[in-house]
2 protein chains.
Amino acid sequence: MQPTEAVDKLVTWLARRGLKVTRQRRLITEVFFDQIHRETHPTVEDLYLRVREQDPGVGHATVYRTLRLLVESGLASPSRLGDDQVRYEPEIPGSHHDHLVCAECGAILEFEDDRIEELQEAAARRLGFKLVDHRMVLYGQPEQCPPDLCRRGQG
Amino acid sequence: MQPTEAVDKLVTWLARRGLKVTRQRRLITEVFFDQIHRETHPTVEDLYLRVREQDPGVGHATVYRTLRLLVESGLASPSRLGDDQVRYEPEIPGSHHDHLVCAECGAILEFEDDRIEELQEAAARRLGFKLVDHRMVLYGQPEQCPPDLCRRGQG
DNA sequence: CTATATGCAAAACGTTTGCATCCCT
DNA sequence: AGGGATGCAAACGTTTTGCATATAG
């Protein structure tokens, strides 16, 4: 999703609940959806620092609070990939995807696998549950670590 | 694994590296492996409180430090199940299992599925990686929440 | 104008660490 | 004895909160 489109969606969502569209909320959303940095799974601190490059006045609290709004509005979702910090990713509505983390450099790849999803549903059903969500992270040793992704821990 | 067996394994492991077998380490290990509470996935705090019932003198730091030893020795492993705290579970050597969390009461069920594991390996291979580890948690709505497991958030 | 949002600093939270003391071996 | 372990409290990093001020609607 383009930054502009994301901001538009946020604006609509905010308006519907009488919340305000501020300079900071626009900026944070734009930076979050700006894929140029290809930090597709930034931590709060990553995002905070990138936002400060554009506007040094923005505080930590505002980034935390805006990120919460993005999650509530369905534009972002938290993803625990390592055992370390929480990372956030732009949410692609309606598309499940899972993650593979490179054991060598920490690069994060996304993939989809319908057959796994089917088996997950079956497994849940077998236990007497209806699958409502899932989280899956694979950790892999690369045959050859993709150079353009190899940035040690940067998502 | 029985508490006694677990303590024995820890004692061997400690001895091999010149570390000491203390009253606290025994107790913490016993309590961790004591399945009577059926808190099979306790947080550090859960464990701390249970340990204090037996010996009110034990400090937080000792529980943290001992839990680290249990992980290093292969007797325990951390498992991020919700997005909240880290939980620890007794490690069954050689057996992978995944978790299903009841969306209603937080009960944690374990299951194995070889076909999913195969597909995970295939998915990793397809991306150019050799699967070295994985993490999978399903969240399910119960058809009927098992009364004996329904203890709101207790693993 | 009024209600909401901001930035700061303080608080809260889970976890780690430094240190004097204790206690296995 | 002596090196490791303990318990306490302080330090730590991350996230939340309280409050006075600023600002969108």
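Naming convention: chains lettered A, B, ... in sequence-line order (proteins, then strands); numbering from 1 in each chain.
Between B/L67 atom CG and C/dG14 atom P there is a gap of 15 Å when expressed in whole angstrom units. With rounding to whole Å, A/R87 atom CZ is found 12 Å from D/dT15 atom P. Look at CG on B/D55: it is 11 Å from C1' on D/dG7, rounded to the nearest Å. The nearest whole Å value for the distance from the NE2 atom in A/H60 to the P atom in C/dA11 is 19 Å. What separates CG of A/L19 from P of C/dT2 is a distance of 20 Å, to the nearest Å. Between the C1' atom of D/dG13 and the OH atom of A/Y64 lies a distance of 9 Å, rounded to the nearest Å. Taking atom CG of A/L14 as the reference point, atom P of C/dA5 lies 8 Å away to the nearest angstrom. Atom-to-atom, OH of A/Y48 to C1' of D/dT15 comes out at 14 Å; the value is rounded to the nearest Å.
Residues B/R68 and B/Y64 bring no donor and acceptor atom of their side chains to less than 3.5 Å of each other.
Out of C/dT25, C/dT6, D/dT15, the shortest distance to the side chain of B/V21 is found at C/dT25. Of the listed nucleotides (D/dT15, D/dC8, C/dT6), D/dT15 has the atom at the smallest distance from the side chain of A/V86. Checking D/dG2, D/dT6, C/dA5 against the side-chain heavy atoms of A/K20 singles out C/dA5 as nearest.
B/E45 comes within 4.0 angstrom of no nucleic acid atom, judged by non-hydrogen atoms across all strands.
In this model, the phosphate group of C/dC24 is not approached by any side-chain N or O of B/Q24 to a distance below 4.0 Å at OP1 or OP2. B/T22 has no side-chain polar atom (N or O) that falls below the 4.0 Å cut-off from OP1 or OP2 of D/dA5. Considering only side-chain N and O atoms, A/R25 lies under 4.0 angstrom from the phosphate OP1 or OP2 of C/dT6.
Using a 4.0 Å cut-off between charged side-chain N and carboxylate O, A/D34 and A/R50 make no salt bridge.
Where B/A61 and A/R52 meet DNA chain C, the nucleotide closest to each residue was compared, and A/R52 sits on the side nearer the 5' end.
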| task | Might you work through the side chain to side chain contact (heavy atoms under 4.5 Å, CB included) test for A/L109 and B/F129, ending with a clear yes or no? | result | CA-CA 11 Å; A/L109 287 74; B/F129 290 78; 3.9 Å; yes
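At a cut-off of 3.5 angstrom, the base of D/dG4 holds no donor-acceptor pair with the side chain of B/R65.
Expressed to the nearest 0.5 Å, how far CG of B/L138 lies from CZ of A/R125 amounts to 12.0 Å. Here NE2 of A/H99 is found 3.5 Å from CD of A/E89. Values are rounded to the nearest 0.5 Å.
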